[in-house]
Amino acid sequence: AMFSELRVLIKTVTSSFMALFTSLTLLALIFFASGIFLAQLLSSFITETDNDYEHRLWVYKHYGTGFRAIYTIFEATLSGCWPVYARPLIQNVNGWYVLFFVVYVIVVIFAVMRVVGALFLTATMKA
């Protein structure tokens, strides 16, 4: 009886491993696809010497390679600071990036993350 809460906690954590794996796989695919998409779209802005150097440098630091863009999307999604990464693109690169971020925020940050949370809650309740 002394460690019953610990046993319940361990059982709950172990039973949610499949939900964790499924969620991480889905999120990794979303991060990869979104990051590569943005890196490709922004490559011409980075290489165009007529664009402001500071803006080009900022875009390169955050979206200049596939890995940088994937990490930026990862951070924007899970840290809640997506406006920090969206607003400079919208204001300094092209206003049409608002379409990407509105869709991304609604679909991924709002809907998918809530479904992931519900999946964990369901796995926990079944344990």
Quick one: pull up [atom1] in [X] and [atom2] in [Y] and give me the separation to the nearest 0.5 Å.
X: L42; Y: T65; atom1: CG; atom2: OG1; value: 11.5 Å
X: L57; Y: I46; atom1: CG; atom2: CD1; value: 9.5 Å
X: L78; Y: L27; atom1: CG; atom2: CG; value: 6.5 Å
X: H55; Y: Y53; atom1: NE2; atom2: OH; value: 13.0 Å
X: S34; Y: F100; atom1: OG; atom2: CZ; value: 4.5 Å

Does [X] belong to the same Ile/Leu/Val/Met/Phe/Trp/Tyr cluster as [Y], with side-chain heavy atoms less than 4.5 Å apart forming each link?
X: F37; Y: I30; answer: yes
X: V13; Y: M18; answer: no
X: L24; Y: F17; answer: yes
X: V115; Y: F110; answer: no
X: V103; Y: L89; answer: yes

Is it the case that the side chain of [X] and the backbone of [Y] share a donor-acceptor pair, with hydrogens and angles ignored and the cut-off at 3.5 Å?
X: T47; Y: S44; answer: yes
X: S16; Y: A19; answer: no
X: R68; Y: G64; answer: no
X: T77; Y: I109; answer: no

Please check if the number of heavy atoms outside F74 that lie under 6.0 Å from its CZ is greater than 12.
no

How close do [X] and [Y] get, counting heavy atoms only, and between which atoms?
X: S23; Y: V116; answer: OG-CG1, 3.6 Å
X: R56; Y: T49; answer: NH1-CA, 3.8 Å
X: I36; Y: G66; answer: CD1-CA, 3.8 Å
X: T72; Y: H62; answer: OG1-O, 2.5 Å
X: I70; Y: F32; answer: CD1-CD1, 3.5 Å
X: A69; Y: G35; answer: CB-O, 3.1 Å

Margin query: Less than 4.5 Å apart, side chain to side chain, heavy atoms only: is that true for F101 and I106?
Written below: no

query: Could you walk me through whether L9 and F3 pass the side-chain contact (heavy atoms from CB on, under 4.5 Å) check?
result: CA-CA 10 Å; L9 180 62; F3 293 106; over 6 Å; no

So side-chain hydrogen bond (donor to acceptor under 3.5 Å, both in side chains) across residues 78-101, not counting sequence neighbours, yields E75-Y85

- Query: What orientation do F67 and Y71 show, parallel under 30°, tilted 30 to 60°, or perpendicular over 60°?
  - Reply: parallel

